[in-house]
Amino acid sequence: MAPGGQQADLDSRTLVEVRIPASAAQISAVRVVAADLAARQDFDLDAVSDLRMAVDEACATLVPLAAAGATLSCRFLANTAAVEVVVQVTVDDPGAKVPQNTFGWRVLTTLADDVTVLDGEAGTLGIGLSLRRERMDG
């Protein structure tokens with residue numbers, strides 16, 4: 001164990017948040033950040049690609065649900081063990097739901113180790129996902 005124990009793990013985490021207009025044309029910027037963070041944590045090329053595609057799919061799922069003029073927020077927490085991502089948008093429709101019966105949802109749940117719908121917190125919808133290193137080593 002490194003000096004400082006758990007604190008050493010906390011210090012090795014990278015937190016990045018990207019905010020873009022909720023538009024399909026802007027999603028490529030988030031894909032680039034996802035791939036770069038995974039690569040910097042020394043994930044293999046397949047995992048980098050999986051994370052990039054999963055983040056793309058999460059963003060593409062939420063953009064059509066976003067309120068006019070809304071911002072898409074994508075928060076990444078990365079370390080050498082995993083990359084965790086939370087993607088959120090503000091919605092006008094209080095009954096809006098993240099569709100989970102689509103091909104895109106199937107792709108997302110196949111690419112990521114964990115996928116969670118984050119529902120309705122102060123008029124927002126979101127998707128949380130993670131990709132763990134243990135999947136690559138196993």
Side-chain angles (χ1 to χ4, degrees):
M1 179 181 274
Q6 187 177 1
Q7 185 62 40
D9 291 338
L10 294 175
D11 291 342
S12 67
R13 295 186 307 178
T14 300
L15 176 63
V16 174
E17 185 169 4
V18 177
R19 292 176 178 258
I20 60 170
S23 162
Q26 301 296 321
I27 295 173
S28 62
V30 180
R31 284 194 310 259
V32 169
V33 172
D36 183 68
L37 282 171
R40 288 176 186 268
Q41 297 301 329
D42 206 26
F43 279 52
D44 68 28
L45 291 177
D46 287 338
V48 170
S49 181
D50 285 354
L51 181 66
R52 182 176 41 81
M53 289 187 295
V55 166
D56 180 78
E57 197 58 54
C59 292
T61 298
L62 292 174
V63 163
L65 303 172
T71 297
L72 181 129
S73 169
C74 192
R75 190 171 57 249
F76 299 90
L77 182 60
N79 62 35
T80 56
V83 178
E84 298 172 8
V85 184
V86 174
V87 182
Q88 290 184 300
V89 294
T90 302
V91 295
D92 283 334
D93 179 4
K97 299 286 183 201
V98 174
Q100 297 178 41
N101 60 346
T102 64
F103 178 73
W105 185 259
R106 173 79 82 148
V107 169
L108 176 58
T109 58
T110 299
L111 292 169
D113 292 314
D114 297 303
V115 179
T116 307
V117 172
L118 309 169
D119 195 9
E121 186 177 301
T124 65
L125 281 178
I127 297 173
L129 63 98
S130 67
L131 185 74
R132 292 184 301 275
R133 175 177 299 287
E134 69 189 35
R135 135 198 229 207
M136 298 180 307
D137 296 337

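In what follows, every heavy atom counts, from backbone to side chain, and hydrogens, waters and symmetry copies are set aside.
Every residue meeting the side-chain contact (heavy atoms from CB on, under 4.5 Å) condition with Val117, not counting sequence neighbours, appears here in chain and number order: Val98, Gln100, Trp105, Asp119. Applying the side-chain contact (heavy atoms from CB on, under 4.5 Å) test to Ala67 and every residue at least two apart in sequence or in another chain returns Ala70, Asp92. The salt bridge (Lys or Arg N to Asp or Glu O under 4.0 Å) search around Arg106 returns none, not counting sequence neighbours. For Ser73, the side-chain contact (heavy atoms from CB on, under 4.5 Å) partners are Glu17, Arg19, not counting sequence neighbours. Applying the side-chain contact (heavy atoms from CB on, under 4.5 Å) test to Pro21 and every residue at least two apart in sequence or in another chain returns Gln26. Here Ser130 pairs with Asp114 under the side-chain hydrogen bond (donor to acceptor under 3.5 Å, both in side chains) rule; sequence neighbours left out.
Pairs of residues two or more places apart, or lying in two chains, never qualify as salt bridge (charged side-chain N to carboxylate O under 4.0 Å, His left out) while including a residue from residues 59-79. The salt bridge (charged side-chain N to carboxylate O under 4.0 Å, His left out) analysis of residues 52-68, with sequence neighbours excluded, yields the pairs Arg31-Asp56.
Atom CG of residue Asp50 and atom CG of residue Leu129 lie 11.0 Å apart, to the nearest 0.5 angstrom.
Looking at Arg40, its side chain never comes within 3.5 Å of a backbone N or O of Thr14 through a donor-acceptor pair.
Within the 4.5 Å cutoff, the side chain of Leu37 has no heavy atoms near those of the Leu51 side chain.
Through chains of ILVMFWY side-chain contacts below 4.5 Å, Leu77 is grouped with Leu15. Here Leu45 is tied to no hydrophobic group at all, with no ILVMFWY side chain closer than 4.5 Å.
The two atoms that bring Asp113 and Arg132 nearest to each other are OD2-N, 2.6 Å, heavy atoms only. When every heavy atom of Ala35 is checked against every heavy atom of Val48, the shortest pair comes out as O-CG1, 3.6 Å. Contact detail for Pro99 and Thr61: the closest heavy-atom pair is CD-CG2, 4.0 Å. Across all their heavy atoms, Cys74 and Val30 have their closest contact at SG-CG1, 3.5 Å. Across all their heavy atoms, Thr124 and Gln88 have their closest contact at OG1-NE2, 3.9 Å. Summarising the geometry of Leu111 relative to Ala54, their closest heavy-atom pair is CD1-N, 3.7 Å, with the distance given to 0.1 Å.
The side-chain contact (heavy atoms from CB on, under 4.5 Å) test with Ile127 is passed by exactly one of Thr116, Leu118, Val115, Val85: Val115. Checking each of Thr90, Leu125, Asp93 against Leu65 for a side-chain contact (heavy atoms from CB on, under 4.5 Å) leaves exactly one that passes, namely Leu125.
Hydrophobic clustering of Ile, Leu, Val, Met, Phe, Trp and Tyr side chains at less than 4.5 Å, counting indirect connections, keeps Val32 apart from Leu72.
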